[in-house]
**Student:** 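Could you have a look at this structure, given as structure tokens, before my questions?
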Amino acid sequence: MKIIKTANKITLELLNKKKIGFIPTMGCLHDGHVSLIRKSKKKKLLTIVSIFVNPFQFNNKKDYKKYPKTILTDLKICKKNKVDYVYLPQEKDIYPEKKIIIKNKIHYFRKFMEGKFRPGHFEGVIEVVKRLLSRIKTNYLFLGKKDYQQLIIIKKYLESIDSKIKVIPCDTIRAKNGVALSSRNKLLDQKSLNVAGEIINFLKQNKNQIIKSKNNSFFLSKIKEFGAKKIDYLSAFNLKQLKKTNKPSLNTRVFIAYHLNGIRLIDNF
Ligand code: PAF
């Protein structure tokens, strides 16, 4: 496994390489990331993982500062899973300009959920993805369904620039108690993780009622009773139409963002 720290070197290393699989991450790797790496390896792709906590996708400085960093463990995980290259840039390698101006226009699915509650978040995500993909000319891009809205927005962005990159959506990996694996879980104690498990199981059991309900205040108060301090949203979307829906269907997913012990968690099912 090679660890590469600069844009020039990673571009050079990958020159003339074919069948590349790329897994962009912000580090603090867990089994969810490992499942993406395994998918890429299984496809016999030259597998590249990037680890970079992108400051421009955080709408809150505190959140950026406390984002967990476990670089040594991350590298061990990559090595164990036979990643071919880890791209581990410093901020100035990704953003060499003195003044960064982010002007991406996101046309799809941006007004809702994360786009609404984290202004500028998706613009920052697209910016870093654009920059990473200019260095890593991948054939396949592996993205987790845990960040479903991000997955759709990146896919739509790639379509909008006629990119040939194939996006591979990967299922969310869950802990035994149902909680979706996430780097932010590292910031929660066991008690909060148990509460998160209760919330997610309650939501799964009531999925169709949540979708059908025009007013979900009953579900919101239940989630608060479990221990969530604040709920940013609990909404059902039809992913074909990218619109809110009250109809259960194969294309309908329920999305939630809530705060537990000062940590904001998102999930969908
Ligand atoms: O999902 C993430 O970890 C990040 O949003 C991504 C895609 C690596 C961009 O920073």
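For the single chain, residues carry numbers from 1 onward in sequence order. Quantities reported herein were computed from a predicted structural model and do not represent experimental measurements.
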**Student:** Looking at Phe112, Phe122, Tyr233, Phe255, which hits ring-ring contact (aromatic ring centres under 6.0 Å, His included) with Phe117?
**Tutor:** Tyr233
**Student:** Could you tell me how the ring of Phe58 sits relative to the ring of Tyr67: parallel (under 30°), tilted (30 to 60°) or perpendicular (over 60°)?
**Tutor:** perpendicular
**Student:** What residues form a salt bridge (Lys or Arg N to Asp or Glu O under 4.0 Å) with Lys145, not counting sequence neighbours?
**Tutor:** Asp171
**Student:** Any chance the rings of Phe237 and Tyr148 have centres within less than 6.0 Å?
**Tutor:** no
**Student:** Charged N to carboxylate O below 4.0 Å: is that the case for Asp93 and Lys9?
**Tutor:** no
**Student:** Using the six-membered ring of Tyr108, assess whether NZ or CZ of Lys156 lies under 6.0 Å from its centre and within 45 degrees of the ring axis.
**Tutor:** yes
**Student:** So does Ile211 get a backbone contact from the side chain of Asn246, meaning a donor-acceptor N/O pair under 3.5 Å?
**Tutor:** yes
**Student:** List for me each residue that meets ring pair (Phe, Tyr, Trp, His ring centres under 6.0 Å) alongside Phe226, sequence neighbours excluded, and say none if there are none.
**Tutor:** Phe202
**Student:** How many angstroms lie between CD1 in Ile165 and CD1 in Ile154, if you round to the nearest 0.5 Å?
**Tutor:** 10.5 Å
**Student:** Just by distance, do the side chain of Asn268 and the backbone of Lys146 share a donor-acceptor pair under 3.5 Å?
**Tutor:** yes
**Student:** Identify the two heavy atoms, one from Met26 and one from Val53, that lie closest to each other, and give their separation to 0.1 Å.
**Tutor:** O-CG2, 3.4 Å
**Student:** Between Asn54 and Gly124 (side chain of the first, backbone of the second, donor and acceptor by atom type, cut-off under 3.5 Å), is there such a pair?
**Tutor:** yes
